[in-house]
Every structure is written in C-alpha cells, then in structure tokens.
Participant: 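Starting off with a structure, shown below.
Chain letters run A, B, ... following the sequence lines, proteins first and then strands; every chain starts at 1.
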Amino acid sequence: MHELALMEELRRLAVQEARAQGASRIHRLRLRIGSQAGVDPEALRQAFAVVMGASDPQGQPEDAELCGRPIALDLDVVPTVCFCPDCAQEFHPADVIHACPRCGALASRILRGRELELVGLEVS
Amino acid sequence: MCGQCGCGGGAAPEVGATAATPIDAPEATRQLTLQRRLLERNDLQAAANRSHFEQHGLLALNLLSAPGSGKTALLEQLAARWPHPPVGVIVGDLATDNDARRLQAAGARAVQIRTGDLCHLEAHLVERAFAQLDSRGMELLVIENVGNLVCPTGFDLGEHLRLAVLSVTEGEDKPLKYPALFRSADAVLLNKIDLAEAVAFRRDEALANLATIAPAARLFEVSARSGTGLVELIGWLEQQRSQRGLQARAHAHG
C-alpha cells in the first residue's frame with residue numbers, strides 16, 4: 001500500500017496550493033496517473049478516503065477545514081507511450097512487453113505513462 | 001447540518017470558524033490548474049542523497065526483491081568478499097534488527113531502518129539512516145529495500161544503480177508479473193542458482209522473460225550459498241565505480 005504514502009503527499013500538496021490561493025475548502029481533486037506508475041486506481045481511491053478522512057497530525061488546524069468535507073477524486077489515467085529509436089516513432093505497447101510494432105525491438109524508451117501528478121483543484 | 005453532508009442533522013458548524021462559507025446556497029467554486037508531481041519531494045531528497053554519497057566517494061545500490069529471495073545472504077557474501085571493506089548497508093525491514101546484526105557479523109557496517117507499516121523505503125529515511133553510518137574508507141553502500149516487488153519501484157533513494165534479485169525458487173514468470181520493478185533495474189541477480197536443478201527451474205524461459213522486460217539490464221547468475229557469480233558481480237561494481245570517478249575518502253568531510 002504505497003498508495004497511502006502517495007495520498008499523504010497529495011493531501012500535503014493540495015492543502016499547500018489551496019492555501020496559497022486563499023481557498024477555504026477543497027471540493028474536488030484531479031490526479032493524473034500513468035499506467036506505468038505502479039499504482040492501482042482502486043487502492044488509490046481507498047487510500048484517498050483514509051487520508052482525507054483522517055486529521056493530519058502534522059498539519060495545521062486549518063487543514064481540517066480545507067479537507068473536512070467529502071472531496072471528489074477524478075483520476076485521469078494516461079496510457080503508455082513508448083518511443084522506438086530505430087524507427088523514430090512513437091507507439092502504444094500492446095501489453096507489458098514493450099516491443100515496437102514495426103521492427104519488434106524491445107529497447108524502447110517510455111515517453112508517457114509514468115505520471116503521478118496533481119493537475120487540478122476545485123476550491124471555494 | 002452534521003458537518004459531513006449538509007443533511008440538516010447533527011451539530012451545527014461552529015459560527016465564526018470560517019471566513020465566509022454560505023451554509024444553504026451552493027458554494028461558488030473555482031478551478032485551479034496545477035502540475036505538481038507527487039514524488040517531487042522524494043526525488044529532490046534522492047538527488048541530494050546521490051550527491052552526498054558521491055562526496056563520500058560511494059557507489060550506492062538499491063537492492064530490490066520479493067521477501068525470501070536471498071538479499072541479505074547475498075549481502076553477507078558481498079560484504080565478506082568486497083576487496084576494500086567495509087561495505088556499508090542500510091537495511092529496511094518492517095520490524096526487527098536481525099538483518100543488520102547478520103550483516104555486521106559478515107563484516108559490513110549496517111544500519112537498520114525499521115519501517116513499521118511502510119512497505120518501501122523513501123529518500124528521507126535513507127538520509128537519516130546514512131547520517132548514522134560511519135562512511136570513512138567506504139567504497140560501496142548498499143540500500144537493502146523492504147522485500148516487495150511493487151511499492152519500492154517509484155521511489156528513487158539516491159542510488160546510482162538498481163539491482164533486482166530474482167531467485168530460481170520464485171518462478172520463471174516473475175518479471176512478467178512485476179514488469180515495472182524489473183524494467184527499472186540496471187542489473188538482475190538470478191539467485192540460488194545452485195538450486196536450479198532441484199526445483200526444475202527453466203532457465204531459458206526465465207532469461208527470455210527478463211530479456212523482454214528489461215533488455216538493457218545486466219544479468220548475473222549467482223548463489224549466495226556457494227559464492228557462484230560473486231566475482232563477476234564485484235568486477236562489474238568496481239567498473240561502475242571507476243566509470244564514475246569515485247574515490248573512497250579516508251576522512252569524514254565537513
């Protein structure tokens with residue numbers, strides 16, 4: 001459950017950003033997760049509920065106000081995109097084996113799919 | 001309102017606690033567009049660790065595997081055979097100091113991180129543990145991660161190289177089941193190779209699986225029990241040290 005550690009970091013970042021914008025409540029969070037990022041969306045949602053439901057022992061008292069009521073979580077899953085240097089082209093791998101569909105080479109770079117980012121907040 | 005859902009029941013919210021939140025009308029919300037990486041803080045600490053290790057002349061390894069694949073036994077061998085001892089080890093485990101004591105008995109300088117309920121190491125834990133380690137005269141630092149093939153993958157600890165251990169008793173298809181971890185490895189140590197025959201290990205199949213998931217990773221077939229492959233592994237690590245121009249420091253730097 002490293003998802004728990006990630007959601008604790010998410011809460012910290014969200015509170016930091018919301019406070020910097022003078023917000024008093026967070027309503028919705030948008031997270032971008034790559035399909036190679038090693039997180040399970042369901043485990044992430046459970047960890048999110050745990051982390052947002054608990055009061056942060058290291059947090060400031062006003063965190064509870066920002067996060068005190070249910071917060072919606074939107075997950076944007078980014079599909080994997082690889083790059084084959086031999087063919088100089090991008091491709092979506094068919095499965096866990098990242099073989100170039102044109103030449104079959106395996107040593108492709110992963111261009112997208114490792115994201116783990118907070119990309120949006122809805123606040124008031 | 002109950003303070004949870006606006007149902008009208010339960011305790012009323014404390015008056016004057018918030019600046020101006022209308023209770024009945026739906027609140028006007030606004031959208032903030034951001035781009036904050038969840039691993040940003042860990043990655044910054046990892047980069048600081050890496051440069052700190054380099055100042056000490058250390059090559060740092062992150063050793064990853066499933067529980068029971070023989071990481072600690074391999075490290076005992078490495079600590080006993082490394083040409084310029086002592087080897088430094090930071091070992092992460094959920095509980096107990098057993099591993100650190102085993103490694104100290106083998107000649108390593110070892111610090112244990114008891115992670116409690118954390119299933120992986122993070123860069124700040126490594127920073128704290130490293131501060132407890134006397135690194136004078138040391139060339140090699142091994143960070144033995146918590147035995148887990150999923151959670152440690154995304155967390156850079158400041159290592160120069162990632163070594164994944166796969167033992168022959170775990171099955172040939174492990175790399176296909178945990179592709180992200182094996183894909184992130186610079187080298188794969190195929191351990192307990194002395195047991196391959198006894199457990200009817202299909203070597204060709206395992207190597208083919210590794211080649212599809214981690215084509216660039218170096219492969220070492222090793223046995224922590226018989227010592228097979230350790231000479232090759234040590235030779236490669238020494239080469240990695242000299243490629244980076246790392247030189248052991250006799251004294252602690254400021």
Participant: What part of B/T212 gets closer than 4.5 Å to chain A, counting heavy atoms only: side chain, backbone, both or neither?
Facilitator: both
Participant: Side chains of A/T80 and A/S35: any donor to acceptor distance under 3.5 Å?
Facilitator: yes
Participant: On a heavy-atom basis, which atom in A/A18 and which in A/V123 lie closest, and how many Å separate them?
Facilitator: CB-CG1, 4.3 Å
Participant: Which heavy atom of A/V81 sits nearest to which heavy atom of A/E90, and what is that distance?
Facilitator: CG1-OE1, 3.7 Å
Participant: Could you check which of A/L13, A/L10, A/L31 has the highest count of heavy-atom pairs closer than 4.5 Å to chain B?
Facilitator: A/L13
Participant: Counting only heavy atoms closer than 4.5 Å, note whether A/E115 contacts chain B via side chain, backbone, both or neither.
Facilitator: neither
Participant: Under 4.5 Å from any heavy atom of chain A, what part of B/Y178 do you find: side chain, backbone, both or neither?
Facilitator: neither
Participant: Which atom pair, heavy atoms only, marks the closest approach of B/G154 to B/L39?
Facilitator: O-CD1, 3.4 Å
Participant: With chain B as the partner, which of A/R28, A/R114, A/Q21, A/R30 has the greatest number of non-hydrogen pairs under 4.5 Å?
Facilitator: A/Q21
Participant: Sort A/A37 into side chain, backbone, both or neither according to what part of it lies under 4.5 angstrom from a heavy atom of chain B.
Facilitator: neither
Participant: Can you tell which part of A/H98 gets under 4.5 Å to a heavy atom of chain B, answering side chain, backbone, both or neither?
Facilitator: both
Participant: Heavy-atom cut-off 4.5 Å, strictly under: side chain, backbone, both or neither for B/I213 against chain A?
Facilitator: side chain
Participant: For A/R32, is it the side chain, the backbone, both or neither that has a heavy atom under 4.5 Å from a heavy atom of chain B?
Facilitator: side chain
Participant: Could you tell me whether B/R30 atom CZ has more than 12 heavy atoms of other residues or ligands within 6.0 Å of it?
Facilitator: yes
Participant: Any side-chain donor-acceptor pair under 3.5 Å between B/H160 and B/E54?
Facilitator: yes
Participant: Would you please indicate if the ring centroids of A/F83 and A/F91 are separated by under 6.0 Å?
Facilitator: no
Participant: What part of B/A211 is in contact with chain A, defined as an atom under 4.5 angstrom from a non-hydrogen atom: side chain, backbone, both or neither?
Facilitator: backbone
